[in-house]
Amino acid sequence: MPGCVAVGMQWGDEGKGRFVDVLAKEHSMVVRYQGGHNAGHTLVVDGETFALQLVPSGVLYETVTPVIGNGVVVDPIVLLAEIDRLERAGVSCARLQLAANAHLVLSYHQVLDALSEELKGEAAIGTTLRGIGPAYADKAARDGVRVQDLLDRDVFADRVAHALRQKNVMLRGLDRAPIDVDEIVERYAGEVAERLGPFVADTVATVNEALEVGQSVLFEGAQATFLDVDHGTYPYVTSSNPLAGAASVGAGVGPRHLQRVIGIAKAYVTRVGAGPFVTELQGELADHLVEVGQEFGTNTGRRRRVGWFDAVQARQAVRLSSLTEMAVAKVDILADLDVVRICTAYELDGARLRYPPARTDQLERARPVWVDLPGWSSTTSGLDANALTYLRRIQDEVGVPVTFVGVGPSRGDEVRFDDGVPA
Ligand code: IMP
């Protein structure tokens, strides 16, 4: 059975969690491969809302082994709090496996994230302030502290002392309080380490062994294509690679296992934080979509920027991750508008582009080319003819079949088209 990757096609918050939830029950394992608790998946099951940040969505099924892969950065306190919340709601986390070589997000990463944003001033990224960027920076600089280090107090103290040496020079230089190694060791090396220990595993072995015996594995991306540090709207991106190819590195499996790749898009586009956004809407319509779609960050509560569906961006997402199909979420939110728009191309210096330009300055100058389609009514249950026309147009423009459509927030509020939206 092949590995399947689910990846966001826009700037995150596409509603990946609910589709991953649907897909999870058809797999025996769900693996997170990048990002940290900057992600926030909301699942509504039997009227109960689960907000997941680190634990893979598959945790809700007893038949699924949830795995946090090596490519994820893990705040151990956040992870334990999430496990406690799930257990209190009757969801067992006993099957959860945490990669021994995943890197930790520690409290000083959050201090450094805030400081970095402060010093950037007007050029601030608008990060989630969760410490994600500094944790990945430490990993690349070989100053990271890994999950396995937490299992031995002396090793942990050594790694933290090493990591803080340069940082404290910088903090003192900026007249900021240095970070105390002992305080960090006290905070994490006791109960936190003890409680995390049983979850720590050789997840490379777990995932490969599952694939080798023919089990199906779902790789769950966090954030999304245009927040990818290599291919997103740099520098307004996250510090990891959400693209499907990164599932290979972030879980430790070869790319030939990644056979089915599902891109998840919203029926319109949202983004939090700064950066170019070609189809962005302002004014009343933007306010309407924010309100009806409840477009506020799961984690930070920030209002999201909104715009029309961008097929240029979606085509690029297909290229970047070799998408084999796509899901379109929140089609119900566009109901009751007279006209719905899709951006089918960009106009730049008199030329029409089907793919985004490579240079950011060009992307900032690109203007959308629209196609207008008739809206649909919220009183029709399911998808009426106009909604189907809209989805078919997206499918034709983007070039991969639309196989899932989200028409409401709860488990079960989705329509499946195994061969794509019919002509
Ligand atoms: P960071 O990942 O916290 O460093 O934030 C970098 C950028 O990615 C900011 O624009 C964030 O708003 C955005 N971002 C990070 N995680 C998510 C997510 O899960 N959904 C949407 N945007 C995100």
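None of the values given here were measured: they were computed from a predicted structure. All residue numbers refer to positions in the sequence shown, counting from 1. Atoms within each ligand, like the ligands themselves, are counted from 1 in listed order.
For the pair Arg304 and ligand 1, no heavy-atom separation below 4.0 Å is found. Residue-ligand proximity: Gln223 is placed with a non-hydrogen atom under 4.0 Å from ligand 1.
Contacts of Arg302 with ligand 1, taken as heavy-atom pairs under 4.0 Å, involve the side chain alone.
Annotation: salt bridge (Lys or Arg N to Asp or Glu O under 4.0 Å) contacts involving residues 100-126, sequence neighbours excluded, comprise Glu118-Arg176.
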Would you check, one step at a time, whether the test salt bridge (charged side-chain N to carboxylate O under 4.0 Å, His left out) holds for Glu26 with Arg416? CA-CA 14 Å; Glu26 296 159 19; Arg416 264 177 111 145; 2.8 Å; yes
Step by step, work out the side chain to side chain donor-acceptor pair (under 3.5 Å) result for Gln10 and Thr225. CA-CA 6 Å; Gln10 297 159 336; Thr225 302; over 6 Å; no
Take Asp143 and His162 through the side chain to side chain donor-acceptor pair (under 3.5 Å) test and state the conclusion after the steps. CA-CA 7 Å; Asp143 288 335; His162 168 82; 2.8 Å; yes
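In the candidate list Ala222, Gly297, Gly126, Gly126 is nearest to atom 9 (C) of ligand 1, counting heavy atoms. Of all the listed residues (Val229, Thr270, Val237, Leu227), Leu227 holds the heavy atom that lies closest to atom 23 (C) of ligand 1.
Close approach of ligand 1 to Thr238 is summarised as follows: ligand atoms under 4.0 Å from at least one heavy atom of the residue are 1 (P), 2 (O), 6 (C). Every atom of ligand 1 is numbered from 1 in the order shown, and the set under 4.0 Å from a heavy atom of Trp11 is 21 (C), 22 (N).
In summary, of the residues considered (Glu14, Glu295, Glu414), a salt bridge (charged side-chain N to carboxylate O under 4.0 Å, His left out) with Lys330 occurs for Glu295 alone.
For the pair Asn38 and ligand 1, the shortest N or O to N or O distance falls below 3.5 Å. Backbone and side-chain nitrogen or oxygen atoms of Asp113 are examined, and none is located within less than 3.5 angstrom of a nitrogen or oxygen of ligand 1. The shortest N or O to N or O distance between Asp13 and ligand 1 is under 3.5 Å. The shortest N/O to N/O separation between Thr128 and ligand 1 falls below 3.5 Å. Of the N or O atoms in Val272, one or more lie within a sub-3.5 Å distance of an N or O in ligand 1.
No donor-acceptor contact under 3.5 angstrom links the side chains of Thr344 and Glu397, judged on distance only. With no hydrogens or angles considered, no side-chain donor-acceptor pair links Gln223 and Asp228 at under 3.5 Å.
A cation-pi arrangement is not found for Arg341 relative to Phe309, the charged atom failing to lie both closer than 6.0 Å to the ring centre and inside a 45° cone about the ring normal.
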